[in-house]
Number of protein chains: 2
Amino acid sequence: MGTCGVDALSIAALARQVGLVPSGIYRHFKSKNDVLDATLDLIGEKLFENVKLVQKKTSDSAEQLRMLLKLHIKLISVNRAIPHIVFSESIYSGSSYRKNSVRNIITGYIGEIEKIVLKGQKSGSLRKEVDPKTTALMFMGIILPAVIVWKLTDGAFDLVRHSEDAWLLFKTAILTDQ
Amino acid sequence: MGTCGVDALSIAALARQVGLVPSGIYRHFKSKNDVLDATLDLIGEKLFENVKLVQKKTSDSAEQLRMLLKLHIKLISVNRAIPHIVFSESIYSGSSYRKNSVRNIITGYIGEIEKIVLKGQKSGSLRKEVDPKTTALMFMGIILPAVIVWKLTDGAFDLVRHSEDAWLLFKTAILTDQ
DNA sequence: CTACAATGTGAATAGAGATTCACATCACAG
DNA sequence: CTGTGATGTGAATCTCTATTCACATTGTAG
């Protein structure tokens, strides 16, 4: 697979990070694909952990979303390679069965957000006019463009601040009028 | 630059598309970097064309945004490689002066959207409480996650329909109450 | 202690993609 | 017609990564 060695994703770079020599990686993983798959699994787990967490903390849908937003941003801030792996890596691979893993993770995550929205609509705290799926995607839209700008400016953009501002905007759109 | 040959971005693939042999590309471009730079310029131009276009069509800010959304989606639908080039390619390159080009294009585009929002706020048609930049980023957020899902599902996701639904949601958040 | 499994290493191999180069064609100005 | 510049081609080269392999080292169960 002489392909796509965006430096951060090369076996050599990984080895360096871990304090090994490239060939050493192969004592722990069968191939680079293996490494990526494992990483992806890990990312998936973390995302769903966050969902579980907010569900435990509160039962108010809007509040759950707000917390999830915060957790998501923290997750990405700490593990800056996540967008790396999830996006640039596999979205564009044409085939690759890892594209499927990514799709499952993302649609799964969005599905969880949908459920939260749906519950909010049933309880009457969220507007019923909008499609939960649309809402869920828009929710992701609070973060994604911001992360891109954040990446492009090498962290100079204030992700947290943006997320707070954007949340207010989003809230306006989804909450029922009191 | 033996790096990152996500197939669609390889010189070989480009050559094939154009009906040439790889080496033939070098009669027209000095290097792969040259090709990417030229492509990026083209993308930048198209984005700004769209902005100009909507400004010519109407002076109502919200309407301008709605049209821009439509045009943006059409642009991406037709030139499916745009997210490819703009995102996966350079965002993660670490250094690379192309990252700068991408940043300029994106922040420029967002800047234009900001101006539209600002004008709308001054004219009273858009809420004054939200930061124009936040609004502009959220606007991009209507499209970005959707494009990703669209890519991941190989076009099975209905981008246009989503954009219409999401626009309604977005509109609710930015329009002043009548 | 000792044999065995796990782990780490450097050198060697293999394959992919970018780039170069010497050699055809081809269009066309003179 | 003829020579020159633009354009296209295949083979060869270069570089970068992944991957393998034979050989230490080490930790540990017996």
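Residue numbers begin at 1 in each chain, while the letters A, B, ... track the order of the sequences.
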When you measure from the side chain of [X], which nucleotide among [options] comes out closest?
X       : options                : result
A:His28 : C:dG8, D:dT19, C:dA18  : C:dG8
B:Ser10 : C:dT19, C:dA18, C:dC21 : C:dA18
B:Val21 : C:dT19, C:dG8, D:dT9   : D:dT9
B:Ser23 : D:dT20, C:dT19, D:dG10 : D:dG10

Give a yes or no on whether a salt bridge exists between A:Glu63 and A:Arg66, defined as a side-chain N under 4.0 angstrom from a carboxylate O.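 Salt bridge present between A:Glu63 and A:Arg66.
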Test: A:Asp165 and B:Lys133 ion pair at under 4.0 Å: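 Salt bridge: no.
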Measure the distance from [atom1] on [X] to [atom2] on [N] and round it to the nearest whole Å.
X       : N      : atom1 : atom2 : answer
A:Lys32 : C:dA14 : NZ    : P     : 21 Å
B:Arg16 : D:dG8  : CZ    : C1'   : 17 Å
A:Tyr26 : D:dC23 : OH    : C1'   : 19 Å
B:Phe29 : D:dT7  : CZ    : P     : 12 Å
B:Ile11 : D:dT13 : CD1   : C1'   : 17 Å
A:Ile25 : C:dG8  : CD1   : P     : 9 Å
B:Leu20 : D:dT7  : CG    : P     : 11 Å

Anything under 30° is parallel, anything over 60° is perpendicular, the rest tilted; go ahead and classify B:Phe139 against B:Trp167.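 The rings of B:Phe139 and B:Trp167 stand perpendicular, inter-plane angle above 60°.
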Angle between ring planes, B:Tyr109 versus B:Phe48, binned at 30° and 60°: parallel, tilted or perpendicular?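 It falls in the perpendicular class, over 60°.
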By nearest heavy atom, map A:Arg27 and A:Pro22 onto DNA chain D; which one lands nearer the 5' end?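 Going by which nucleotide is closer to the 5' end, it is A:Pro22.
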